[in-house]
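Okay, so here's the structure we're looking at.
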Amino acid sequence: MAIYINEPSHTFNEYLLIPGYSSCECMPANVSLKTPLVKYKKGEKPAIELTIPMVSAIMQSVSGDRLAVALAQAGGVSFIYGSQSVEDEAAMIARAKGYKAGFVPSDSNICPDATLADILALKEETGHSTVAVTDDGTQNGRLVGIVTSRDYRISRMDPSTKVSNFMTPIEKIVSAPEGVTLSEANDKIWDNKINALPIISKDGRLVSFVFRKDYDAHKENPGEMLDSGKRYVVGAGINTRDYEERVPALIEAGADVLCIDSSEGFSEWQQRTLAWIREKYGDSVKVGAGNVVDKEGFLFLAECGADFVKVGIGGGSICITRETKGIGRGQATALIEVCKARDEYFEKTGVYVPVCSDGGIVYDHHIALALAMGADFVMLGRYFARFDESPTEKLLVGGTFVKEYWGEGSNRARNWQRYDLGGDKRLTFEEGVDSYVPYAGPLKENVAKTILKVKSTMCNCGALTIPEFQKNAKLTLVSATSIVEGGAHDVIRRESTGSEK
């Protein structure tokens, strides 16, 4: 006979936090949201620690290289989507890793015989205005000049004008020799009032650039996620089919952490994938797994060697797995059970496996609830899809600006690997929808506001760190009537005008 759990599973919206004693030190400015991204042993520090407990979902409409950079600057990590060719995913990772490395390999290069039209086409392709002119047009050719937007005027120049006629020649360029330190390079940039400093080898070949904007960006984003080489930390999604080809390519491209992208993680497919990675790379490659919704699923993936475990099936705003298959569990109930299993596993083995809450986040305060229930960090799709940096177009629909947002199980994405159960290599039915989300502007401003709300909630509960929050939080289930009471009610809402602040 089937096992029946008669206790209803609950969502975040059915819980409230009860305030605790707040000392005068409980101010948002004093709250630390640092949290482990990957597993670690008792008494040790995790190899990767998030500054904020937010990562982006492994989705075509969410996590491209632009969002990876913006989120890393804010202190989180983006998992670039895996439902694309190995080469394209690796290229996205390489672009994100090369965005800020202190010493940045040049990805905009041209030869002296090229034209202004070629410069404009290259700028359109890369988005970068600084172009290195090398003798052979390659990344590490002999540097003969540089072209920036200050070197030409489109309205007054013939597109066929050769680069050699308007570039800034090497004789007039401030450069630094290979081997210079980043601090010395930045000093040279400031002393000479320049925006880009080429690093040149003894035989005159271009090695890399150091940019003024990277120094400024670091000062503006003190919590940014950087690796040991001062590059942004970037995650990547993989599947359980082509991992033998995909994983090496993503590691070569610079991915710091991987995650198996699957609708259901309690499977032999994920066991095989994790076993192959551990056999080939040991613990040097960090890889998360999931998704699961109960204790058994967590323990299975923890024993398989997962570096973190994702919780959640069917709770995403574009997910229709529960409708199509009748599979899933209320996100709050699933998270509470898995986090309890995580703590028991830590007590038993001395290995802490972080838990990621994936799905079911509708409001900012749901993030605080997820953390209080034991999550180490949350994975968000709809939330990040609304921002400038997501890969989709901004559209005007019905007088409102929106961005496109579709599920990996939709016919548009056709990510059959995510839902693969060993059958045909195709998506037989949909488990996700195609939709729009309200456009919300730049990531930085929105994340800052969300983080302030989370910190304020923690202060109301008397907690200054996530572990302290998890230990001391008091939560209560609420009735349907209480949920209605929690919003504005029994009043006539006044519509604000454009003149009001």
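Side-chain atoms are counted along with the backbone in the values below, which use heavy atoms only and exclude waters and symmetry mates. All figures in this text were calculated on a predicted structure; none of them were measured in a lab.
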| task | Report the C-alpha separation of T465 and S32 in whole Å, then their side-chain angles, then the decisive distance to 0.1 Å, and conclude whether the side-chain hydrogen bond (donor to acceptor under 3.5 Å, both in side chains) test is met. | result | CA-CA 5 Å; T465 66; S32 169; over 6 Å; no
| request: Please step through salt bridge (Lys or Arg N to Asp or Glu O under 4.0 Å) for the pair K286 and D256, ending with a clear verdict. | output: CA-CA 7 Å; K286 306 303 179 184; D256 298 278; over 6 Å; no
| message | Between K403 and E393, is the salt bridge (Lys or Arg N to Asp or Glu O under 4.0 Å) condition met? List the steps. | response | CA-CA 6 Å; K403 295 206 76 175; E393 295 295 321; over 6 Å; no
| said: Go through it in stages, so that I can follow the logic: the residues are D88 and S85, the test is side-chain hydrogen bond (donor to acceptor under 3.5 Å, both in side chains), and I'd like the CA-CA distance, side-chain angles, deciding distance and then a yes or no. | reply: CA-CA 5 Å; D88 287 346; S85 70; 3.2 Å; yes
| task | Take F387 and Y439, measure what ring pair (Phe, Tyr, Trp, His ring centres under 6.0 Å) needs, and give me the verdict at the end. | result | CA-CA 6 Å; F387 302 149; Y439 168 67; 8.9 Å; no
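Residues F211 and V104 have side chains in contact (heavy-atom distance under 4.5 Å, counting atoms from C-beta outward). E264 has its side chain out of reach of N291: every pair of non-hydrogen atoms, C-beta onward, lies at least 4.5 Å apart. Using a 4.5 Å heavy-atom cutoff, the side chains of I451 and M54 are in contact. Counting heavy atoms from C-beta outward, P36 and Y352 have side chains that approach closer than 4.5 Å. For the pair T457 and L17, the minimum side-chain heavy-atom distance is below 4.5 Å.
No option in Y281, W269, W276 other than W276 meets the ring pair (Phe, Tyr, Trp, His ring centres under 6.0 Å) test with Y243. Just one of E252, E89, E87 meets the salt bridge (charged side-chain N to carboxylate O under 4.0 Å, His left out) condition when paired with R246; it is E89. The one candidate from V62, D65, L67 that meets the side-chain contact (heavy atoms from CB on, under 4.5 Å) condition with S78 is L67. Checking T400, T392, V397 one by one against Y436, the side-chain contact (heavy atoms from CB on, under 4.5 Å) holds for a single residue, V397.
Side-chain polar atoms of Q331 and S357 form a donor-acceptor pair below 3.5 angstrom. Between the side chains of Q60 and S83, at least one donor-acceptor pair of N or O atoms lies under 3.5 Å.
For K394, there are no salt bridge (charged side-chain N to carboxylate O under 4.0 Å, His left out) partners two or more places apart in sequence or in a different chain. The salt bridge (charged side-chain N to carboxylate O under 4.0 Å, His left out) test applied to E268 returns R272, not counting sequence neighbours.
Cation-pi geometry between R382 and F384 is not met: the NZ or CZ atom fails to fall both under 6.0 Å from the ring centre and inside 45° of the normal. A cation-pi arrangement is not found for K295 relative to F298, the charged atom failing to lie both closer than 6.0 Å to the ring centre and inside a 45° cone about the ring normal.
Here the closest non-hydrogen pair linking M59 and W406 is CE-O, 3.3 Å. The two atoms that bring M379 and S56 nearest to each other are CE-O, 3.8 Å, heavy atoms only.
Environment of NZ in K213: crowded, with over 12 heavy atoms of neighbouring residues, nucleotides or ligands closer than 6.0 Å.
Y15 and H10 have perpendicular rings, their planes meeting at more than 60° on a 0 to 90° scale where under 30° would count as parallel. Classified by interplanar angle (parallel below 30°, tilted 30° to 60°, perpendicular above 60°), the ring pair H365/Y363 is parallel.
Side-chain atoms of N30 come within 3.5 Å of backbone atoms of E25 as a donor-acceptor pair (strictly under, hydrogens ignored).
Salt bridge R329/D294: absent, no basic N to carboxylate O contact under 4.0 Å. Ion pairing between K97 and D227 holds under the 4.0 Å rule for side-chain N and carboxylate O. Salt bridge status for K348 with D343: absent, with no side-chain N to carboxylate O gap under 4.0 Å.
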